[in-house]
Every structure is written in C-alpha cells, then in structure tokens.
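First the structure, in the form of structure tokens, and then the observations on it.
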Protein chains: 2
Amino acid sequence: MNIGLLLFIPSREVENRVLAAVVEAGFEITQAQARVLMRVGPDGTRLTELAEAAQVTKQTAGFLVDQLEKAGYVERVPDPSDGRARLVRVTAKAEEAVPVANAEMARIEAEWEQHIGRRRMTQLREALEMLGEITDPYR
Amino acid sequence: MNIGLLLFIPSREVENRVLAAVVEAGFEITQAQARVLMRVGPDGTRLTELAEAAQVTKQTAGFLVDQLEKAGYVERVPDPSDGRARLVRVTAKAEEAVPVANAEMARIEAEWEQHIGRRRMTQLREALEMLGEITDPYR
DNA sequence: TTGTTCTAGTCAGATTCTCTGATTAAAGTA
DNA sequence: TACTTTAATCAGAGAATCTGACTAGAACAA
C-alpha cells in the first residue's frame with residue numbers, strides 16, 4: 001500500500017471530523033478556510049506567509065482571508081514594520097472554536113490509540129514530527 | 001502540533017511530488033483525477049464504489065471519470081452482472097504511468113528514511129496500515 | 001406476475017476553490 | 001534619485017465539488 005495514500009486517509013479523517021465538530025458547534029467555516037486559519041500565528045501573520053504555509057497562491061490566500069474576515073474570524077491590521085503589509089490576526093470569535101476542535105482531535109486520538117496501542121501512537125507522532133522538519137514549508 | 005496537520009503535510013508532499021513526476025513524464029492528469037484513478041481495481045470498479053472510496057459524490061466521480069476517459073486513461077465497459085452499472089477500467093496508457101509514480105514514491109521514501117531512520121520508517125508504515133483499517137472507507 | 005421500492009448512473013445548475021497575469025504602493029538598494 | 005524587489009490586490013478564467021431531480025434496471029413482496 002502506497003505511503004501517500006496511507007498518510008492521506010487518516011489525514012482526511014481528522015480534517016473531516018474536526019471540521020464537522022466545529023461546524024456542528026455553530027461555526028460556519030469551510031475546509032479551505034480552516035487550513036488557512038490554522039496557520040495564523042499568535043501575533044498575526046502576513047498574507048504572503050499564510051499563502052506559503054498553506055501552499056496556495058497569495059490570491060487564493062487573500063480570497064479565503066476575505067471570507068474569514070467577513071465572517072468575523074480574522075481581522076487585518078496594518079503591519080507597523082512595513083507599510084505595504086498587513087497582519088492577519090485571529091479574533092476572539094475564532095478562539096472560541098479552538099477548544100471544540102481540540103476536543104474532537106483528542107477523541108480521535110483516543111480512538112486511534114485504542115486501535116493501534118499507545119506505543120505505536122507515540123512512535124507515529126514522533127516519526128511525523130520529524131518528517132515535518134523536511135516537508136513543512138512553514139518551518 | 002496537531003495530528004491532522006502532521007499527517008496532512010507529508011501526505012501532500014507525496015501527492016505533489018508524485019503528480020509532478022507523472023506530469024513531467026508526459027501524462028496529463030490532475031490531482032483530483034489521480035485520486036480517483038488510484039482507486040480503480042484490477043478488474044474494474046463501479047462508479048459508485050469509486051465515489052465511496054475517494055469520498056466524493058457520484059456526480060464528482062462521474063465528472064472526473066469522464067475526463068479520464070476522454071484522456072484515454074480509463075474505459076467504461078458494461079457490468080455483466082448488472083445492466084444498470086458499468087465498470088471503470090484502467091487502460092494500458094494509464095498502466096504506463098505506474099512505474100513513474102512508483103519510482104518517485106521510492107525516491108521520497110528513501111529521503112524520509114535517510115532523515116528519520118529505517119526503524120522509525122517501519123514503525124510509521126505499520127501504524128498507518130493499522131489506522132487504515134479504521135479510517136479507509138474502501139476496506 | 002405485477003407493483004413498489006431500491007440502486008447505478010446521469011443531467012442541470014450553482015458554489016467554492018484555485019490559478020495566471022497585470023497592477024499599485026511601499027521598501028530596499030546602488 | 002532611479003531601479004529593483006516585495007506585499008497585496010484586481011480581473012478573469014478554469015477546475016472540482018456539491019444539491020436536487022431524473023431515468024433505467026434490479027430486487028423484492030404480495
């Protein structure tokens with residue numbers, strides 16, 4: 001079984017379930033928007049950085065941030081260190097979704113650990129963290 | 001770091017690189033088409049099954065299969081056991097892309113093994129195979 | 001056998017996501 | 001100052017996806 005599909009399937013499972021939980025809780029947000037929102041840092045992040053981290057073009061990132069802004073999940077503030085740039089920051093409203101997402105994630109991890117065992121779960125996480133070092137464009 | 005993102009990042013890396021290699025080799029195909037094509041079984045697969053495995057609606061699967069058919073990567077033949085159904089089968093042309101994809105995949109795995117070590121790579125694959133049992137709708 | 005219900009697939013229409021190319025304004029640099 | 005680069009946006013188009021409605025064949029119950 002190919003490693004790409006092996007990674008893709010549980011990845012999608014998490015995405016789907018976490019998004020479903022968040023939507024269920026009353027937050028209207030899409031998968032694409034969530035992928036960008038997830039990348040916004042605690043002190044705000046520039047559009048260009050978001051685009052790079054989420055691996056989409058600036059235009060796409062801008063389009064998604066527009067929607068997130070309209071829905072009240074992020075705000076754009078001027079970047080004091082660069083007059084051309086603006087910082088995208090998450091709002092209090094978006095912060096409220098975090099515990100919902102975390103709870104569903106914890107539920108999933110618990111199910112997985114139930115199935116594959118604690119040791120393998122630890123190993124999985126460790127291997128993935130290391131792979132992130134060479135595959136995550138954000139780092 | 002959340003487990004969904006940890007899975008998503010390397011998953012996308014594989015998808016992107018394998019697709020790029022296949023396109024580079026002259027096969028004109030998109031990510032969405034590839035995801036469906038990948039799920040076609042050796043004896044042909046029904047559209048409904050493809051849709052389920054790839055987790056898209058029948059309409060979307062049909063749309064993508066149309067394109068794959070036009071491009072000559074799959075053909076639709078009547079299902080002898082059911083007059084309503086047709087079997088989607090991969091053509092010889094599509095088979096030619098397989099070694100290209102496999103080669104790139106092997107290259108990626110080698111790089112990863114270089115970075116995280118052989119033992120962790122084995123553990124990773126084992127954990128993912130097991131997770132597939134509870135997350136892959138195809139099985 | 002004959003309705004009734006279910007299943008496989010398609011048609012129509014709309015929305016969402018994504019891209020390429022061009023433009024504007026601010027920064028950095030020679 | 002003039003040139004180049006960078007951050008962001010505007011315009012337009014294409015790709016992928018969905019919901020809802022429909023057709024034809026299969027399955028089943030009376």
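Protein chains get the first letters and strands the later ones, always in sequence-line order, with residue 1 at the start of each. Heavy-atom basis, side chains included; hydrogens, waters and symmetry copies ignored.
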Nucleotide by nucleotide, nucleotides 4-12 of chain C touches protein heavy atoms under 4.0 Å in the pattern (B base, S sugar-phosphate only, - none) ---BSBBB-
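- Sequence neighbours left out, the pairs with a member in residues 54-74 of chain A that pass salt bridge (charged side-chain N to carboxylate O under 4.0 Å, His left out) are A:Asp66-A:Arg76, A:Glu69-A:Arg76.
- A sub-4.0 Å separation between OP1 or OP2 of C:dC19 and a side-chain N or O of A:Thr57 is present.
- Computed from C1' positions of five pairs at each end, the angle between the two local axes of the helix from C:dT1-D:dA30 to C:dA30-D:dT1 equals 30°, rounded to 10 degrees.
- For B:Glu13, the side chain to side chain contact (heavy atoms under 4.5 Å, CB included) partners two or more places apart in sequence, or in a different chain, are A:Thr135, B:Arg17, B:Trp112.
- Per the geometry, NZ belonging to A:Lys70 stands 11 Å off P belonging to C:dT16, to the nearest Å.
- Atom-to-atom, CD of A:Glu15 to P of C:dC17 comes out at 12 Å; the value is rounded to the nearest Å.
- Residues that satisfy the salt bridge (charged side-chain N to carboxylate O under 4.0 Å, His left out) test with B:Glu109, not counting sequence neighbours, are B:Arg125.
- Here A:Val77 is tied into one hydrophobic group with A:Leu87, each link being a pair of ILVMFWY side chains closer than 4.5 Å.
- On the nucleic acid side, DNA chain D contacts chain B at distances under 4.0 Å to non-hydrogen atoms, with the end points of that region at D:dA16 to D:dA26.
- Chaining together hydrophobic side chains whose heavy atoms lie under 4.5 Å apart leaves A:Val56 on its own.
- Applying the salt bridge (charged side-chain N to carboxylate O under 4.0 Å, His left out) test to pairs two or more places apart or on separate chains, those with a residue in residues 45-55 of chain A are A:Arg46-A:Asp79, A:Arg46-A:Asp82.
- If A:Ser81 and A:Arg35 are placed on DNA chain C by their nearest nucleotide, the residue sitting closer to the 5' end is A:Arg35.
- With sequence neighbours excluded, the residues satisfying side chain to side chain contact (heavy atoms under 4.5 Å, CB included) with B:Ile116 are A:Ala127, A:Met130, A:Leu131, B:Arg120, B:Met121.
- With sequence neighbours excluded, the residues satisfying side chain to side chain contact (heavy atoms under 4.5 Å, CB included) with B:Phe63 are B:Gln67.
- B:Thr91 contributes a side-chain N or O that, together with a main-chain N or O of B:Tyr73, makes up a donor-acceptor pair within less than 3.5 Å.
- Identified under the salt bridge (charged side-chain N to carboxylate O under 4.0 Å, His left out) test for residues 2-11 of chain A, with sequence neighbours left out: none.
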